[in-house]
Enquirer: 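My questions all concern the structure below.
Note that ligands are numbered from 1 as they come in the structure, with each ligand's atoms numbered from 1 the same way.
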Amino acid sequence: MKFFVDTANVEEIRELMETGLLDGVTTNPSLVAQSGQEFTKTIAEICSITDAPVSAEVAATETEAMIEEGTYLASIAPNVVVKLPLTFDGLRACAHFSRINIKTNLTLCFSANQALLAAKSGATYVSPFIGRVDDINIDGIELIRDIRAIFDNYAFETKILAASIRSVNHVSQSAVAGADVATIPPTVIRKLAHHPLTDKGLKQFVEDWKSTGQTII
Ligand code: E4P
(Lines give C-alpha, C1' and ligand atoms only; values in the text may rest on other atoms or scores of the structure.)
Protein backbone atom coordinates (compact mmCIF):
# COMPACT_ATOMS: atom_id res chain seq x y z
CA MET A 1 0.00 0.00 0.00
CA LYS A 2 1.22 3.49 -0.83
CA PHE A 3 1.43 6.18 1.85
CA PHE A 4 0.51 9.78 1.15
CA VAL A 5 0.85 12.43 3.85
CA ASP A 6 -2.29 14.44 4.54
CA THR A 7 -1.04 17.96 5.26
CA ALA A 8 -0.32 21.34 3.70
CA ASN A 9 2.60 21.94 6.08
CA VAL A 10 5.67 22.14 3.83
CA GLU A 11 8.18 21.54 6.64
CA GLU A 12 6.34 18.38 7.77
CA ILE A 13 6.32 17.14 4.18
CA ARG A 14 10.02 17.86 3.72
CA GLU A 15 10.91 16.02 6.92
CA LEU A 16 8.70 12.98 6.25
CA MET A 17 9.85 12.73 2.60
CA GLU A 18 13.37 12.18 3.91
CA THR A 19 12.23 8.92 5.56
CA GLY A 20 11.61 7.41 2.12
CA LEU A 21 8.22 6.19 3.38
CA LEU A 22 6.06 8.64 1.43
CA ASP A 23 4.59 8.12 -2.02
CA GLY A 24 2.60 11.35 -2.28
CA VAL A 25 0.82 14.26 -0.61
CA THR A 26 -2.82 15.30 -0.23
CA THR A 27 -4.08 18.73 0.78
CA ASN A 28 -7.57 20.15 1.21
CA PRO A 29 -8.98 23.63 1.86
CA SER A 30 -9.14 23.03 5.64
CA LEU A 31 -5.47 21.96 5.75
CA VAL A 32 -4.50 25.01 3.67
CA ALA A 33 -6.44 27.26 6.09
CA GLN A 34 -4.62 25.62 9.04
CA SER A 35 -1.22 26.20 7.40
CA GLY A 36 -1.95 29.94 7.00
CA GLN A 37 0.03 29.88 3.72
CA GLU A 38 -0.93 30.98 0.21
CA PHE A 39 -2.42 27.93 -1.55
CA THR A 40 -0.90 27.94 -5.04
CA LYS A 41 2.55 28.94 -3.72
CA THR A 42 2.36 26.09 -1.21
CA ILE A 43 1.49 23.58 -3.95
CA ALA A 44 4.43 24.86 -6.04
CA GLU A 45 6.74 24.54 -3.03
CA ILE A 46 5.58 20.99 -2.25
CA CYS A 47 6.10 20.04 -5.92
CA SER A 48 9.64 21.40 -5.74
CA ILE A 49 10.35 18.91 -2.92
CA THR A 50 8.85 15.84 -4.60
CA ASP A 51 7.89 14.37 -7.99
CA ALA A 52 5.29 12.18 -6.25
CA PRO A 53 1.55 12.92 -6.75
CA VAL A 54 0.35 16.07 -4.90
CA SER A 55 -3.42 16.52 -4.65
CA ALA A 56 -4.60 20.14 -4.89
CA GLU A 57 -8.32 20.79 -4.46
CA VAL A 58 -10.45 23.17 -6.51
CA ALA A 59 -12.52 25.72 -4.57
CA ALA A 60 -15.29 26.05 -7.17
CA THR A 61 -18.46 23.96 -7.01
CA GLU A 62 -19.65 24.24 -10.62
CA THR A 63 -18.19 22.23 -13.49
CA GLU A 64 -16.91 25.05 -15.71
CA ALA A 65 -15.24 26.89 -12.84
CA MET A 66 -13.79 23.60 -11.52
CA ILE A 67 -12.29 22.96 -14.96
CA GLU A 68 -10.80 26.44 -15.04
CA GLU A 69 -9.28 26.16 -11.55
CA GLY A 70 -8.16 22.55 -12.08
CA THR A 71 -6.45 23.46 -15.35
CA TYR A 72 -4.57 26.22 -13.54
CA LEU A 73 -3.60 23.93 -10.64
CA ALA A 74 -2.40 21.24 -13.08
CA SER A 75 -0.19 23.84 -14.80
CA ILE A 76 1.78 24.41 -11.57
CA ALA A 77 3.69 21.12 -11.90
CA PRO A 78 3.32 17.81 -13.76
CA ASN A 79 2.75 15.88 -10.52
CA VAL A 80 -0.31 17.91 -9.43
CA VAL A 81 -3.45 15.78 -9.09
CA VAL A 82 -6.64 17.84 -9.41
CA LYS A 83 -8.87 17.15 -6.43
CA LEU A 84 -12.59 17.46 -7.11
CA PRO A 85 -15.63 17.00 -4.85
CA LEU A 86 -17.74 13.92 -5.51
CA THR A 87 -20.80 15.72 -6.91
CA PHE A 88 -22.33 15.59 -10.39
CA ASP A 89 -20.43 18.78 -11.23
CA GLY A 90 -17.22 17.22 -9.92
CA LEU A 91 -17.83 14.06 -11.95
CA ARG A 92 -18.31 16.08 -15.13
CA ALA A 93 -15.07 17.95 -14.47
CA CYS A 94 -13.40 14.59 -13.76
CA ALA A 95 -14.52 13.21 -17.14
CA HIS A 96 -13.04 16.31 -18.81
CA PHE A 97 -9.65 15.90 -17.08
CA SER A 98 -9.67 12.16 -17.74
CA ARG A 99 -10.10 12.82 -21.49
CA ILE A 100 -6.99 15.04 -21.53
CA ASN A 101 -4.92 12.79 -19.23
CA ILE A 102 -4.83 15.08 -16.20
CA LYS A 103 -4.87 13.07 -12.99
CA THR A 104 -7.79 13.49 -10.58
CA ASN A 105 -8.69 12.65 -7.00
CA LEU A 106 -12.45 12.51 -6.29
CA THR A 107 -12.83 13.57 -2.68
CA LEU A 108 -15.61 13.58 -0.07
CA CYS A 109 -16.64 10.01 -1.03
CA PHE A 110 -18.99 8.45 1.53
CA SER A 111 -20.65 5.61 -0.38
CA ALA A 112 -19.81 2.73 -2.70
CA ASN A 113 -22.16 4.22 -5.33
CA GLN A 114 -20.20 7.48 -5.30
CA ALA A 115 -16.96 5.50 -5.75
CA LEU A 116 -18.53 3.60 -8.66
CA LEU A 117 -19.41 6.91 -10.34
CA ALA A 118 -15.87 8.20 -9.80
CA ALA A 119 -14.43 5.09 -11.48
CA LYS A 120 -16.88 5.39 -14.39
CA SER A 121 -15.81 9.05 -14.82
CA GLY A 122 -12.18 7.96 -15.17
CA ALA A 123 -10.91 9.23 -11.80
CA THR A 124 -7.29 8.39 -11.02
CA TYR A 125 -8.08 8.19 -7.28
CA VAL A 126 -11.25 8.11 -5.21
CA SER A 127 -11.03 9.13 -1.55
CA PRO A 128 -13.47 7.40 0.83
CA PHE A 129 -13.43 9.30 4.15
CA ILE A 130 -13.30 6.47 6.66
CA GLY A 131 -12.95 8.57 9.83
CA ARG A 132 -15.95 10.75 9.00
CA VAL A 133 -18.00 7.63 8.13
CA ASP A 134 -17.04 6.06 11.48
CA ASP A 135 -18.14 9.33 13.15
CA ILE A 136 -21.74 8.66 12.10
CA ASN A 137 -21.67 5.03 13.29
CA ILE A 138 -21.16 3.47 9.87
CA ASP A 139 -18.13 1.22 9.36
CA GLY A 140 -15.59 3.13 7.25
CA ILE A 141 -13.47 0.03 6.67
CA GLU A 142 -16.54 -1.84 5.38
CA LEU A 143 -16.88 0.97 2.83
CA ILE A 144 -13.30 0.32 1.64
CA ARG A 145 -14.07 -3.43 1.36
CA ASP A 146 -17.21 -2.75 -0.73
CA ILE A 147 -15.38 -0.38 -3.08
CA ARG A 148 -12.53 -2.92 -3.47
CA ALA A 149 -15.03 -5.63 -4.42
CA ILE A 150 -16.77 -3.39 -6.98
CA PHE A 151 -13.53 -2.21 -8.57
CA ASP A 152 -12.24 -5.79 -8.78
CA ASN A 153 -15.54 -7.07 -10.24
CA TYR A 154 -15.23 -4.69 -13.18
CA ALA A 155 -11.43 -4.23 -13.35
CA PHE A 156 -11.69 -0.48 -12.73
CA GLU A 157 -8.25 1.12 -12.61
CA THR A 158 -9.24 3.94 -10.23
CA LYS A 159 -7.11 3.70 -7.08
CA ILE A 160 -8.80 3.55 -3.68
CA LEU A 161 -7.25 6.26 -1.50
CA ALA A 162 -8.32 5.73 2.12
CA ALA A 163 -8.74 9.23 3.59
CA SER A 164 -9.86 10.81 6.86
CA ILE A 165 -7.56 8.43 8.70
CA ARG A 166 -7.63 9.04 12.44
CA SER A 167 -5.63 6.18 13.96
CA VAL A 168 -2.89 3.62 13.35
CA ASN A 169 -5.59 0.93 13.22
CA HIS A 170 -7.25 2.73 10.31
CA VAL A 171 -3.98 2.32 8.38
CA SER A 172 -3.60 -1.44 8.89
CA GLN A 173 -7.33 -2.10 8.48
CA SER A 174 -7.37 -0.13 5.19
CA ALA A 175 -4.45 -2.24 3.97
CA VAL A 176 -6.26 -5.48 4.89
CA ALA A 177 -9.42 -4.22 3.16
CA GLY A 178 -7.45 -3.61 -0.05
CA ALA A 179 -7.01 0.17 -0.25
CA ASP A 180 -4.31 1.08 -2.78
CA VAL A 181 -3.21 4.17 -0.86
CA ALA A 182 -3.77 5.66 2.59
CA THR A 183 -3.41 9.38 3.12
CA ILE A 184 -2.27 9.78 6.68
CA PRO A 185 -1.83 12.79 9.00
CA PRO A 186 1.82 13.32 10.06
CA THR A 187 1.02 12.53 13.73
CA VAL A 188 -0.37 9.11 12.79
CA ILE A 189 2.58 8.35 10.46
CA ARG A 190 4.95 8.99 13.36
CA LYS A 191 2.97 6.62 15.61
CA LEU A 192 3.02 3.73 13.11
CA ALA A 193 6.49 2.48 14.08
CA HIS A 194 5.79 2.57 17.78
CA HIS A 195 5.24 -0.60 19.80
CA PRO A 196 5.79 -0.90 23.58
CA LEU A 197 7.32 -4.38 23.17
CA THR A 198 9.83 -2.96 20.68
CA ASP A 199 10.85 -0.30 23.25
CA LYS A 200 11.06 -2.90 26.03
CA GLY A 201 12.99 -5.39 23.90
CA LEU A 202 15.42 -2.75 22.68
CA LYS A 203 16.12 -1.57 26.24
CA GLN A 204 16.98 -5.15 27.21
CA PHE A 205 19.23 -5.65 24.15
CA VAL A 206 21.09 -2.41 24.90
CA GLU A 207 21.70 -3.48 28.52
CA ASP A 208 22.77 -7.03 27.58
CA TRP A 209 25.08 -5.74 24.87
CA LYS A 210 26.72 -3.33 27.35
CA SER A 211 27.31 -6.27 29.72
CA THR A 212 29.38 -8.07 27.04
CA GLY A 213 31.91 -5.19 27.01
CA GLN A 214 32.20 -5.65 23.22
CA THR A 215 32.06 -3.13 20.35
CA ILE A 216 31.13 -3.95 16.76
CA ILE A 217 33.60 -1.56 15.12
C1 E4P B 1 -7.68 13.95 2.27
O2 E4P B 1 -7.59 13.89 1.07
C3 E4P B 1 -8.90 14.37 2.99
O4 E4P B 1 -9.27 15.67 2.62
C5 E4P B 1 -8.65 14.26 4.48
O6 E4P B 1 -8.10 12.97 4.74
C7 E4P B 1 -9.88 14.52 5.32
O8 E4P B 1 -9.58 14.24 6.66
P9 E4P B 1 -10.50 14.72 7.89
O10 E4P B 1 -11.80 13.98 7.82
O11 E4P B 1 -9.71 14.34 9.10
O12 E4P B 1 -10.68 16.18 7.72
Side-chain angles (χ1 to χ4, degrees), residues 1-10 12-13 16-17 21-37 39-40 42-43 46-47 50 52-61 66 69-70 73-74 76 79-87 90-91 93-94 97 102-111 114-115 117-119 121 123-144 147 158-175 177 179-192:
M1 183 168 64
K2 294 197 177 202
F3 277 9
F4 290 179
V5 64
D6 199 21
T7 183
N9 182 318
V10 177
E12 288 269 31
I13 294 167
L16 286 166
M17 277 290 167
L21 292 169
L22 289 190
D23 305 292
V25 179
T26 53
T27 63
N28 67 31
S30 308
L31 294 170
V32 171
Q34 267 171 37
S35 77
Q37 301 301 308
F39 176 43
T40 55
T42 302
I43 294 298
I46 298 170
C47 291
T50 178
V54 175
S55 285
E57 188 160 341
V58 299
T61 55
M66 285 184 194
E69 288 181 359
L73 291 171
I76 295 175
N79 52 327
V80 167
V81 176
V82 177
K83 204 171 175 193
L84 301 159
L86 219 162
T87 58
L91 290 163
C94 175
F97 288 120
I102 287 181
K103 292 198 166 96
T104 50
N105 174 358
L106 274 276
T107 190
L108 291 167
C109 172
F110 294 97
S111 76
Q114 287 182 309
L117 293 178
S121 302
T124 314
Y125 302 96
V126 64
S127 292
F129 274 33
I130 59 179
R132 293 195 200 185
V133 170
D134 282 356
D135 286 346
I136 56 161
N137 285 323
I138 298 172
D139 188 345
I141 298 298
E142 189 65 38
L143 174 59
I144 303 279
I147 299 171
T158 300
K159 303 287 181 216
I160 302 171
L161 199 173
S164 188
I165 293 227
R166 305 269 170 81
S167 67
V168 289
N169 288 344
H170 273 159
V171 177
S172 52
Q173 289 165 355
S174 296
D180 299 288
V181 190
T183 189
I184 317 171
T187 45
V188 177
I189 293 183
R190 291 179 207 284
K191 283 184 194 157
L192 285 173

Enquirer: Decide side-chain hydrogen bond (donor to acceptor under 3.5 Å, both in side chains) for Thr26 and Asp6; before the verdict, give the C-alpha distance in whole Å, the side-chain angles of both, and the deciding distance to 0.1 Å.
Expert: CA-CA 5 Å; Thr26 53; Asp6 199 21; 2.7 Å; yes
Enquirer: Among all protein heavy atoms, pick out the one at the shortest distance from atom 3 (C) of ligand 1; state its residue, atom name and that distance to 0.1 Å.
Expert: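 Atom 3 (C) of ligand 1 sits closest to the protein heavy atom Phe129 CZ, 3.5 Å.
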Enquirer: Do Ser167 and Val188 have side chains that approach each other closer than 4.5 Å (heavy atoms only, starting at C-beta)?
Expert: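 No; the side chains remain at least 4.5 Å from each other.
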Enquirer: According to ring-ring contact (aromatic ring centres under 6.0 Å, His included), who are the partners of Phe39, at least two apart in sequence or on a separate chain?
Expert: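 With sequence neighbours excluded, Phe39 shows a ring-ring contact (aromatic ring centres under 6.0 Å, His included) to no residue whatsoever.
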Enquirer: Among all protein heavy atoms in this structure, tell me which lies nearest to atom 12 (O) of ligand 1, with the distance rounded to 0.1 Å.
Expert: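 Here the nearest protein heavy atom works out to Arg132 NH2, 2.8 Å.
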Enquirer: May I ask whether Glu57 places a heavy atom under 4.0 Å from ligand 1?
Expert: no
Enquirer: What protein heavy atom sits nearest atom 8 (O) of ligand 1, and how far away is it?
Expert: Ser164 CA, 3.4 Å
Enquirer: Say whether Asn105 and Ser127, considering side chains only, have a donor N or O and an acceptor N or O under 3.5 Å apart.
Expert: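 There is such a pair (donor and acceptor under 3.5 Å, judged by atom type) between the side chains of Asn105 and Ser127.
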Enquirer: Identify the closest protein heavy atom to atom 4 (O) of ligand 1: which residue and atom is it, and at what distance?
Expert: Asn28 ND2, 2.7 Å
Enquirer: Among all the protein's non-hydrogen atoms, which is closest to atom 11 (O) of ligand 1, and how far away is it?
Expert: Arg166 NE, 3.7 Å
Enquirer: Under the side chain to side chain donor-acceptor pair (under 3.5 Å) test, which residues partner Asp135, sequence neighbours left out?
Expert: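 Side chain to side chain donor-acceptor pair (under 3.5 Å) list for Asp135, sorted by chain: Arg166.
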Enquirer: Provide the number and element of each atom of ligand 1 under 4.0 Å from a heavy atom of Lys83.
Expert: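 Those of ligand 1 that fall under 4.0 Å from Lys83 are 1 (C), 2 (O), 3 (C), 4 (O).
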Enquirer: Which protein non-hydrogen atom lies closest to atom 5 (C) of ligand 1, naming both residue and atom, and how far is it?
Expert: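 Result: Asp6 OD2, 3.0 Å.
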Enquirer: Is it true that Glu12 and Arg190 make a salt bridge, defined as a side-chain N closer than 4.0 Å to a carboxylate O?
Expert: yes
